[in-house]
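See structure below.
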Amino acid sequence: MSGDKGGGSDGRTPGRDFVREIVAADLASGKHGGRVATRFPPEPNGLLHIGHAKAICLDFGVAAENGGTCNLRFDDTNPETEEAGYVEAIKRDIRWLGFEWSELRHASDYFEQLYDYGVHLIEKGSAYVDSLSEEEIRAHRGTVTEPGRPSPWRDRPLEESLDFFRRMRAGEFEDGAHVLRARIDMASPNMIMRDPVLFRIRRAHHYRTGSEWCIYPMYDFAHCLSDSIEGITHSLCTLEFVNNRAIYDWLLEEVEAPEPVPRQYEFARLNLEYTIVSKRKLLRLVQDGHVSGWDDPRMPTLSGLRRRGVTPAAIRNFCGLVGVAKADNRVDAAKLEYAIRDDLNMRVPRVMCVQRPLRVVITNFPEGETDWLDAPLYPHDVPLEGTRPVPFTRELYIERHDFMEDPPRRFFRLAPGREVRLRYGYFIRCEEVVKDEAGEVVELRCTYDPATRGGSAPDGRKVRGTIHWVSAEHARPCEVRLYDRLFRTRDPDRGDFLAQLNPDSLVVHADARVEPSIADDPPGTRYQFERVGYFISDEEDSRPDRLVFNRTVGLRDSWVKIRKQQMAQEARKAKGRGRKKRKRGKKRG
RNA sequence: UGGCCCGUCGUCUAAUGGCAGGACACCGGUCUUUGGAACCGGCGGUGGUGGUUCGAAUCCACCCGGGCCAACCA
């Protein structure tokens, strides 16, 4: 059987991954009465990134596909790192990605109930207040190979724990003086189960509850109970929480949570080549100024991808392409680029922009005259209509690298004596190369063939190359920012990630020229600059008199591939010659 | 080192004891007013060893390799 079960063999629509299999089975058995309820539980201590996109597509996707619900729940149990600003940014990013939550919740909505559960656990002897210091608790926990030792407070009377817990809440103790712990098994081979801390004292300002609380629940305590309170059926999280499932299930059982209880399922988080998705490390990049902010177009954050010009659809399609499984992975960066091009190809207009201008004078075209050409906005294979006027004049700019004085084999662009097509313009022939004192090519003098207007020759003459161009007089000066991968190495998570930053991750062409037709488009408009790549006008920095474009992704470039092959070939030849010479030399000697 | 999770083309992912399939990448070709796109073709995989079975990627055992866990983070 091929993998076409439930669709997804094309990689665009969600297929039948193991999570969806489980949900389908539960639906079939009527386990939750036909209900599917998921949640996306970000902690508001940083921005969402491409890895979260995978989780979002899964959480919201599974719910939507089954007529279920998906709550957005902020997991705000650590007031020291969380901020209201992140909450709004996260909500904006989720909506931008194309999803809407059923209900907006916060773990902090449940602080009172969570406290009551703590009391309940103490009352039934399943939790106790420990008065050991943080260091002592650590020392008592043992190691992965040695069992832990019970705290001397482990068997303190229930009433005493109850009293301490009440006074912890009342603010009678300093931070760290006491904690509430589950009484489970200090010798458990699963470290998580060695009497995990449930509540700690933390006199910090919480962005929602202010100073109402000075004790805060830990993740393991808050998460399963929040799921239960919200009636979540399938609690999806990443693989690093596999060990935590034991405490998840233990707590739901201890508090006699209503049946059927939510179940946790773990999937592999997304890792992408040449980038990192650790919030801690991303924050470091921002704080240390290695990038301009969370929304720097090189960042894997959703806001960074958005500013770079990536569409929500491209990200969703990418997540579909990647799939959901339990094996650790590191996805090929080319896969994301494919998803981006695949989406943009069908939706954005083509225009011409010259990044590194080289002046071209058409010697047989009259001075002061403008020939307005009508150029299509989309290629023949994109089912969208529209044209724009493009001015042709005596002085033009072409891309500097589209001319070579001494071209290698298979170079089809402009060279002395060669004829090329100016896209949607005329055929031109290079008659003369003008250089400065330093020998640098500063201008080309060319002739055009008036009979080739629009780009085809009535005599059937063919040219191999078509290049883009702009009118020197009409083109708008602009800045083009070429973004590349942020890291030089495939797996920057290994070793010192800062040492692996790519020094060429941003190359700016400050003196580029773009055709005038787009001058009045609003910032945030996407284009394909023909033969170059997909771009978006920068929403922060682009001004009418100073357009700024971010490269979203380059076009596939088979010429650089050919060049690489040629260079490798030449290098091999040179090596071979070197060997022969040495051999001859040896014989002679 | 104790426990748990995971090993399928280069990468990601299907297979639910019955023909190892798809996508990306790569290579070749067709077409082309983008060296784009599209289309056609090709390359290429079950970590190892035993066992169960008519039949094993799938079940069992052992080995090898990778990951997670010893925060009062999530």
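Below, all heavy atoms of this structure are taken into account, side chains as well, without hydrogens, waters or symmetry copies. Please read these numbers as outputs of a predicted model, since none were measured by experiment. Reminder, nothing fancy here: chain letters follow the sequence lines and each chain counts from 1.
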Set of salt bridge (Lys or Arg N to Asp or Glu O under 4.0 Å) partners for A/Arg280, sequence neighbours left out: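 A/Arg280 satisfies salt bridge (Lys or Arg N to Asp or Glu O under 4.0 Å) with no residue once adjacent residues are dropped.
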Please check the phosphate of [N] (OP1 and OP2 only) for any side-chain N or O of [X] closer than 4.0 Å.
X: A/Arg200; N: B/A71; value: no
X: A/Arg138; N: B/A71; value: yes
X: A/Arg531; N: B/G35; value: yes
X: A/Arg556; N: B/C26; value: yes
X: A/Gln528; N: B/A37; value: no
X: A/Thr81; N: B/A74; value: no
X: A/Tyr219; N: B/C73; value: no
X: A/Thr77; N: B/A74; value: yes
X: A/Lys561; N: B/C26; value: yes
X: A/Arg202; N: B/C73; value: yes

Angle between ring planes, [X] versus [Y], binned at 30° and 60°: parallel, tilted or perpendicular?
X: A/Phe199; Y: A/Tyr115; answer: perpendicular
X: A/His52; Y: A/Phe40; answer: perpendicular
X: A/Phe164; Y: A/His178; answer: tilted
X: A/Phe111; Y: A/His206; answer: perpendicular

Okay, side chain of [X], backbone of [Y]: is any donor-acceptor separation there less than 3.5 Å?
X: A/Ser228; Y: A/Cys224; value: no
X: A/Gln264; Y: A/Phe241; value: yes
X: A/Tyr216; Y: A/Ala204; value: yes
X: A/Thr38; Y: A/Asp59; value: yes

Starting from the 5' end of RNA chain B, give me the residue, A/Val382 or A/Pro189, whose nearest nucleotide shows up first.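 The residue mapped nearer the 5' terminus is A/Pro189.
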Position toward the 5' end of RNA chain B (nearest nucleotide), A/Arg141 or A/Arg413: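 Result of the comparison: A/Arg413.
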What is the nucleic acid contact for [X], judged by heavy atoms within less than 4.0 Å: base, sugar-phosphate only, or nothing?
X: A/Val179; answer: base
X: A/Asn190; answer: nothing
X: A/Val324; answer: sugar-phosphate
X: A/Leu272; answer: nothing
X: A/Asn244; answer: base
X: A/His380; answer: base

From C-beta outward on [X], which listed nucleotide comes closest to its side chain: [options]?
X: A/Asn243; options: B/C4, B/A25, B/G36; value: B/C4
X: A/Met191; options: B/G35, B/G2, B/U11; value: B/G2
X: A/Ala334; options: B/A14, B/U34, B/C24; value: B/C24
X: A/Asn78; options: B/U13, B/A74, B/U16; value: B/A74

Please report, rounded to the nearest Å, how far the P atom of B/A71 is from the CZ atom of A/Arg181.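 Taking CZ of A/Arg181 and P of B/A71, I get 12 Å after rounding.
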Whole angstrom value for the distance that separates P of B/A37 from CG of A/Asp557: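 Distance check: A/Asp557 CG to B/A37 P gives 10 Å.
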Pairs under 3.5 Å (Watson-Crick or G-U), crossing ones as [ ], inter-strand ones as |: RNA chain B comes out as .((((((..((((....[..)))).(((((.......)))))....(((((..]....))))))))))).....
Between protein and nucleotides 60-66 of chain B, map the contacts as a letter string: B base, S sugar-phosphate only, - none, heavy atoms under 4.0 Å, written 5' to 3'. -------
If I pick the [atom1] atom on [M] and the same atom on [N], what distance separates them, to the nearest angstrom?
N: B/G42; M: B/G35; atom1: P; value: 28 Å
N: B/G47; M: B/U32; atom1: C1'; value: 46 Å
N: B/C5; M: B/C59; atom1: P; value: 13 Å
N: B/C60; M: B/U13; atom1: C1'; value: 26 Å
N: B/C9; M: B/G44; atom1: P; value: 14 Å
N: B/C62; M: B/G55; atom1: C1'; value: 23 Å

Knowing that exactly one of A/Phe403, A/Phe392, A/Tyr397 qualifies, which makes a ring-ring contact (aromatic ring centres under 6.0 Å, His included) with A/Trp469?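 Going through the options one by one, the only one that passes is A/Phe392.
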Counting the benzene-type ring for Trp, do A/Phe529 and A/His468 have ring centres under 6.0 Å apart?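 Ring centres of A/His468 and A/Phe529 not closer than 6.0 Å.
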